[in-house]
Amino acid sequence: MGKITVSLIKADVGSVAGHVIVPDEIKEVARNYLNEKKEEGKIIDFRVFNAGDDLELLMTHTRGVDSEVIHKIAWDVFKLAAEKAKELKLYAAGQDLLVDAFSGNVRGLGPGVAEMEFTERKAEPFVAFMMDKTEPGAFNLPIFKIFADPFTTAGLVIDPKLHNGFVFEIWDIIENKRVFMKAPEEMYDILALIGSKGRFVIKRVYPKEGGALPPDEPVAVVSTEKLYKIAGKYVGKDDPVAIVRAQSGLPAMGEILEAFSFPHMVSGWMRGSHNGPILPVPLKYSKCTRFDGPPRCIAVGFQLNNGKLVGPVDLFDDPAFEYTRMKAMEITDYIRRHGPFEPHRLPSEEMEYTTLPKVLDKLKDRFEPV
Ligand code: 13P
Ligand code: 13P
Ligand code: MG
Ligand code: MG
């Protein structure tokens, strides 16, 4: 068998009770359509999830990344689902579909994409992470920890196959540029960039040259689409997704998940305008209710079997993450009490694309020089 591509493509096409969940009726539309495409042999396998109000399509195939066939399938699912959402009068029906016509690729049209093509190993465990009410930079901290922090990933120290470290592909999503950097050698420089998570975003991670794994096949990928850059106005957060491969020359599944045991601060939450902790939750809690949050992350684990998906395992459905969730709720209570004050509310530069400028606009003539 040649290389396999795993594609995780998502969009918010409408939700129930405000921005809370994708209802079963919509997921059914997606499943039925993807099942047809599976029977036609266009994709090998698929699963449909919801990360809060985001419809998530996980597909496997042999068509490589950026395949027009695959992106068209995803686009058609979102269009059909948005039609159904309109029929049901769902909230924000069609929210993330920012253009009317498909033009070869969903990037730049609204949906978020994380996909990678690689040679399926003898055993190929991977995890799909899906976040709601936050932005792509929310993955910087955990992805860095997974592939560069020896206090998270013991294998970086004690497994010769990981000991050389990894290569990070980091995007400047404001200036649309990228840089490849090596860990551990350039660790401090990497952190200098990715600590600014609203601008510098880890896009992919690669193995280094000379190791057991092909250096040109990614081992992790994150969606980095910026919705406001496409729409020119606030339409919802760029709720991100990521795929991370595990074990045998890569961080173990438990090392990957360990990175989520710290509920770090991310931006998003209510009206996409607040900082708050990210909550790792089981699928049943994949719904943002308190102040439209707090932002959260689900994780589903699979083994690949010649492109077929064996799974999912609901990875955060574990009391081992209970303490993280409790901690996150303590932080939630603390930061919520700031109300409209920074740093709970985002700094004003980041509010540029929200509805705040309209409020400030009416005051502009009342300002006088001092
Ligand atoms: P097993 O010995 O259960 O395969 O576990 C190895 C491992 O990677 C644990 O992190
Ligand atoms: P979504 O980006 O998940 O649609 O949320 C938008 C929002 O404004 C939540 O308060
Ligand atoms: Mg929404
Ligand atoms: Mg969302």
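Remember, it's 1-based here, ligands and their atoms both numbered in the order they're listed.
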Any protein N or O within less than 3.5 Å of an N or O in ligand 2? List each pair with its distance, or say none.
unit_1, atom_1, unit_2, atom_2, d
ligand 2, 2 (O), Lys237, N, 2.8
ligand 2, 2 (O), Asp239, OD2, 3.4
ligand 2, 3 (O), Asp53, OD1, 3.0
ligand 2, 3 (O), Asp53, OD2, 3.0
ligand 2, 3 (O), Asp132, OD1, 3.1
ligand 2, 3 (O), Lys133, NZ, 2.7
ligand 2, 3 (O), Asp239, OD2, 3.0
ligand 2, 4 (O), Asp12, OD2, 2.9
ligand 2, 4 (O), His19, ND1, 2.9
ligand 2, 4 (O), Asp53, OD2, 2.9
ligand 2, 4 (O), Gln95, OE1, 3.4
ligand 2, 4 (O), Gln95, NE2, 2.9
ligand 2, 8 (O), Tyr234, OH, 3.3
ligand 2, 10 (O), Arg271, N, 2.8
ligand 2, 10 (O), Asp292, OD2, 2.5

Margin query: Please tell me whether Tyr285 and Phe316 form a close aromatic pair, meaning their ring centres lie under 6.0 Å apart.
Written below: no
Next item on the list: Answer yes if the ring centres of His264 and Phe260 are under 6.0 angstrom apart, and no otherwise.
Entry: no
Next item on the list: Ignoring hydrogens and angles, state whether a donor on the side chain of His71 or Asn105 is under 3.5 Å from an acceptor on the partner side chain.
Entry: yes
Notebook entry, point to check: Counting only protein atoms, how many N/O/S atoms are less than 2.8 Å away from the Mg ion (ligand 4)?
Noted result: 4
Checklist line | Pairs flagged by ring-ring contact (aromatic ring centres under 6.0 Å, His included) wherever residues 174-207 is involved - sequence neighbours left out | finding: none
Next item on the list: Is it possible for you to check whether Arg245 lies under 6.0 Å from the centre of the six-membered ring of Phe118, through NZ or CZ, and within 45° of that ring's axis?
Entry: yes
Note to self: Just to verify, what does Glu322 make a side-chain contact (heavy atoms from CB on, under 4.5 Å) with, not counting sequence neighbours?
What the structure shows: Arg325
Notebook entry, point to check: Under 6.0 Å between ring centres, would you say that holds for His274 and Phe291?
Noted result: yes
Check: For Asp238 and Lys226, which heavy atoms make the closest approach, and how far apart are they?
Finding: OD1-C, 3.4 Å
Check: Is NZ or CZ of Lys203 both nearer than 6.0 Å to the six-membered ring centre of Trp171 and within 45° of the ring axis?
Finding: yes
